[in-house]
Amino acid sequence: MSSNSGIQIPSRLPLLCTHDGVLLPGSTMRISVDTARNMQLVKSRLLKGTSLKSTIIGVIPNTRDPEHDSDELPSLHSIGTAGLAVQVVGSNWPKPHYTLLITGLCRFRVTQLLRERPFPVAEVEQLDKLEQYTEGGQADGELGELSQRFYQAAVQLVGMLDMSVPVVAKLRRLLDSLPRETLPDVLASMIRTSNKEKLQVLDAVDLEERFKKALPLLTRQIEGLKLLQKTRKLRPDDDKRVLAIRKGGVFPGRQFSLDEEVEDEDGDDTAMLEKKVKAAAMPEAALRVCLKELKRLKKMPQSMPEYALTHNYLEMMVELPWSKSTTDCLDIRAARVLLDNDHYAMEKLKRRVLEYLAVRQLKSTLKGPILCFVGPPGVGKTSVGRSIARTLGREFHRIALGGVCDQSDIRGHRRTYVGSMPGRIINGLKTVGVNNPVFLLDEVDKLGKSLQGDPAAALLEVLDPEQNHSFTDHYLNVPFDLSQVLFIATANTAATIPPALLDRMEVLQVPGYTQEEKVEIAHRHLIPHQLEQHGLTPQQLQIPQDTTKDIISKYTREAGVRSLERKIGAICRAVAVKVAEGHKVSRAESPTEQHADQNTENKEEDSGIASPPEMPIVIDHIALKDILGPPVFEMEVSERLTLPGVAIGLAWTPMGGEIMFVEASRMEGDGQLTLTGQLGDVMKESAHLAISWLRSNAKTYLLANGSADPLEGTDIHLHFPAGAVTKDGPSAGVTIVTCLASLLSGRLVRSDVAMTGEITLRGLVLPVGGIKDKVLAAHRANLKRVIIPKRNEKDLEEIPAHVRADLDFVFASTLDEVLNAAFDGGFPAAVNHPQVVSKL
């Protein structure tokens with residue numbers, strides 16, 4: 001090797017002072033930099049340098065610990081290693097520092113310290129002159145013998161390792177390709193040696209002395225590895241283990257170092273878990289179970305599958321809010337203002353929340369109520385639950401129960417199953433992080449049932465105030481206190497909720513909105529929200545109240561406001577197109593402005609939106625028809641009551657109240673009754689009751705036409721539109737009687753009358769449910785008179801005053817009163833029969 005091929009380093013080098021390792025020529029080492037001088041060296045030299053020369057620095061080992069560092073530069077070791085900075089990585093955690101990846105090049109001696117600040121710079125003398133050894137290696141027999149012995153020992157060491165490991169195979173190839181003079185430094189950096197021993201190798205400037213210092217270290221590692229191999233022969237069934245690899249090299253004699261590191265990490269993890277368990281403030285029963293599982297975890301090998309299951313269980317236990325809670329906001333006046341701002345109407349729900357706040361002020365240990373909001377879709381049951389949580393200052397969590405058919409979704413899975421996990425209740429508590437949130441159990445009426453159990457039955461324990469203080473999830477298998485949780489369930493109908501579950505909840509009916517309430521809700525909440533969603537402002541779009549009433553009456557027929565919001569969104573989209581086109585036209589500068597205005601007018605005519613081009617765009621009834629199309633719902637009540645045998649009934653559905661037409665026709669036959677319209681058994685029985693009552697009272701009401709039986713030689717056909725909708729219930733009884741009486745007498749029923757009520761064989765009218773929804777449906781249909789059972793008079797208190805003022809209510813206890821109110825001029829009987837007094 002010629003002198004030109006040797007490693008040449010600059011005569012002046014910046015010095016990096018280290019204390020946690022010794023960098024030897026030919027090895028690569030990661031060095032953490034966090035002291036002021038070293039940080040300044042990295043910033044000024046490595047990060048801002050532009051040449052290869054700027055990446056070469058001097059590494060001085062064995063300086064004092066930086067924790068005791070002072071402004072004075074410590075005494076420098078006389079010999080160091082010139083290194084090439086291969087990589088620089090910066091981090092700010094836990095404190096600002098850099099990590100350098102440095103490859104050693106050669107030794108140097110510090111001849112003179114040129115400066116100390118901001119980082120030390122010294123004049124150095126290169127010590128490794130490799131060409132001298134190469135030229136005189138054959139003449140020096142002792143040095144050649146030392147290098148040969150060292151090479152053979154290195155080959156023996158590598159041969160004792162597992163050649164299937166890529167690092168070991170690479171090291172074996174390096175032994176043949178590297179010059180012999182580099183082997184002491186390379187192998188001393190790989191085998192397990194102390195910093196003091198590496199420092200002795202670094203200080204051995206003479207090559208022969210360097211071989212003498214490194215050879216005993218290599219021999220010691222070989223002997224240690226032989227001893228480990230003898231130990232392994234006692235356990236021949238063990239698989240061959242890979243030797244631990246650290247800092248880019250192989251450590252013979254540390255065969256189980258990787259396992260030991262994992263065990264150390266595992267021990268730290270277990271200790272941290274134990275601290276979390278003790279700091280979680282669990283009840284005594286839960287703490288006892290956790291300590292028992294923790295004791296098992298410490299004795300368990302990490303390779304066992306049960307280790308991960310137990311660890312996950314303990315993690316879940318410490319993350320649960322056993323004693324964490326939020327402080328309730330008990331300001332009733334502020335709560336009332338917040339509820340009124342969020343929701344219009346819903347007085348019963350607001351009053352119940354304020355009552356809870358008032359009692360919480362008087363008694364701090366009050367259990368959380370279990371409420372159930374029952375009402376049609378779109379009336380705000382879910383949103384009012386979120387508003388209640390905000391009013392109380394509590395966390396909110398929604399659990400959708402629609403379609404759930406496995407009890408494990410509520411109670412969780414037992415830990416013996418693969419993939420077991422807690423139920424939705426416990427998972428929700430873990431998510432919110434407190435033990436007194438507001439839980440919304442959405443669509444509780446749509447729970448299913450399957451072979452995996454009945455989730456409605458699993459909810460019995462959750463929603464029982466006498467039991468949920470010790471709710472036991474199958475996964476946790478310890479009681480958890482749910483008594484401070486405010487449960488709010490929502491449902492469209494209470495009919496499909498199991499009676500035992502319904503008995504545990506305080507049911508609050510949420511009826512549909514009146515037209516006036518919908519108008520107010522639209523202008524308070526829906527229109528501003530849709531304007532914001534579509535990027536419009538009130539200065540660009542205005543929807544008058546008359547237009548809103550037209551949307552409600554002609555384009556939507558629902559108890560809630562979801563369809564109304566969709567229609568308002570459609571208007572906003574149409575206006576957004578108009579506004580966007582107006583912006584585009586205003587930005588385009590054209591010399592023929594008048595011609596452009598004419599084109600714009602033609603486009604407006606073609607688009608079908610009859611609205612003025614200037615702002616704001618006001619939506620009138622013409623623009624409404626152009627945007628939404630022709631009206632979907634027409635008030636057809638008077639047109640359908642032009643023939644005898646038609647009456648209007650009132651029905652309740654989960655979507656709210658509806659008006660229902662009952663049609664009857666007669667033809668020659670043998671007295672049969674035909675029923676169509678997807679009727680249930682109860683409604684069919686009501687039709688047979690009506691026929692029987694009319695036949696028994698035919699002479700009284702002059703329906704016989706000279707014969708003893710009005711159905712003699714006549715067939716009756718009763719139809720309930722719409723035919724595709726299933727109908728059932730007893731409340732259509734009075735409507736069927738009125739319809740048949742109109743058919744048999746030939747008189748028209750009043751076109752502005754609707755009715756509801758159950759009948760008996762003696763002609764009594766019994767009370768029915770859903771009165772408020774039915775009355776609101778009649779009000780939406782512009783009917784003027786509503787006939788309801790006498791015993792339902794108390795239900796009118798829930799109906800708004802302006803609705804009661806617009807309707808004429810007739811309270812009937814007998815069918816005679818119903819018929820007199822349903823026909824113009826009454827329905828006189830031939831003789832005055834005594835009134836039957838109900839004894840029910």
Side-chain angles (χ1 to χ4, degrees), residues 636-651 658-751 753-765 787 814-816 818-824 826-830 833:
E636 53 181 357
V637 174
S638 59
E639 288 79 0
R640 295 185 67 168
L641 295 178
T642 56
L643 294 174
V646 182
I648 303 174
L650 296 174
E658 293 287 345
I659 64 171
M660 178 179 62
F661 291 91
V662 180
E663 300 174 351
S665 64
R666 60 190 301 178
M667 67 282 304
E668 293 183 0
D670 52 0
Q672 291 184 357
L673 174 64
T674 303
L675 301 173
T676 56
Q678 288 267 39
L679 307 183
D681 292 337
V682 178
M683 189 169 282
K684 291 178 181 178
E685 292 174 358
S686 296
H688 287 288
L689 276 174
I691 287 289
S692 299
W693 184 84
L694 286 172
R695 293 175 68 180
S696 62
N697 293 276
K699 292 183 179 180
T700 305
Y701 294 100
L702 305 177
L703 302 176
N705 293 328
S707 62
D709 188 356
L711 298 184
E712 184 178 352
T714 302
D715 285 347
I716 300 293
H717 185 172
L718 271 175
H719 179 62
F720 295 77
V725 181
T726 303
K727 310 168 192 69
D728 201 2
S731 61
V734 295
T735 312
I736 298 173
V737 170
T738 305
C739 175
L740 292 175
S742 170
L743 178 69
L744 296 177
S745 66
R747 299 181 58 187
L748 292 177
V749 180
R750 288 181 52 168
S751 61
V753 174
M755 61 199 75
T756 183
E758 182 181 355
I759 62 172
T760 69
L761 201 56
R762 294 180 296 161
L764 302 179
V765 179
I787 303 173
T814 64
L815 285 174
D816 187 21
V818 173
L819 294 177
N820 283 326
F823 293 90
D824 284 325
F827 200 78
H833 54 280

Under 3.5 Å, side chain of D715 to main-chain N/O of M667, donor-acceptor pair present?
no

Apply side-chain contact (heavy atoms from CB on, under 4.5 Å) to residues W693 and V737 and explain how you reach the verdict.
CA-CA 8 Å; W693 184 84; V737 170; 4.0 Å; yes

Residue list, side chain to side chain donor-acceptor pair (under 3.5 Å) with N697, at least two apart or on another chain
none

Go through the steps for T674 and L718 under the test side-chain contact (heavy atoms from CB on, under 4.5 Å), then give the verdict.
CA-CA 6 Å; T674 303; L718 271 175; over 6 Å; no

For T676, side chain to side chain donor-acceptor pair (under 3.5 Å) partners two or more places apart:
H717, H719

I'd like to know if the side chain of T738 reaches the main chain of V734, judged simply by a donor and an acceptor atom lying under 3.5 Å from each other, with no hydrogens or angles considered.
yes

Can you find a heavy atom in the side chain of I648 that is under 4.5 Å from one in the side chain of V749?
no

Looking only at atom types and distance, does a side-chain atom of R747 sit under 3.5 Å from a main-chain N or O of D824, one as donor and one as acceptor?
yes

Under a 4.5 Å cut-off applied to non-hydrogen side-chain atoms, are L744 and R666 in contact?
yes

Nearest 0.5 Å please: distance from the OG atom of S686 over to the CD1 atom of I691.
12.5 Å

Using 0.5 Å steps for rounding, measure from the OG1 atom of T735 to the CD1 atom of I659.
11.5 Å

Hey, does the side chain of K727 reach the backbone of F720 with a donor-acceptor pair shorter than 3.5 angstrom?
yes

Sorted by chain and number, sequence neighbours left out, side chain to side chain donor-acceptor pair (under 3.5 Å) with T756 holds for K774

Go through the steps to decide whether L761 and L689 satisfy the test side-chain contact (heavy atoms from CB on, under 4.5 Å), and finish with yes or no.
CA-CA 6 Å; L761 201 56; L689 276 174; 3.6 Å; yes

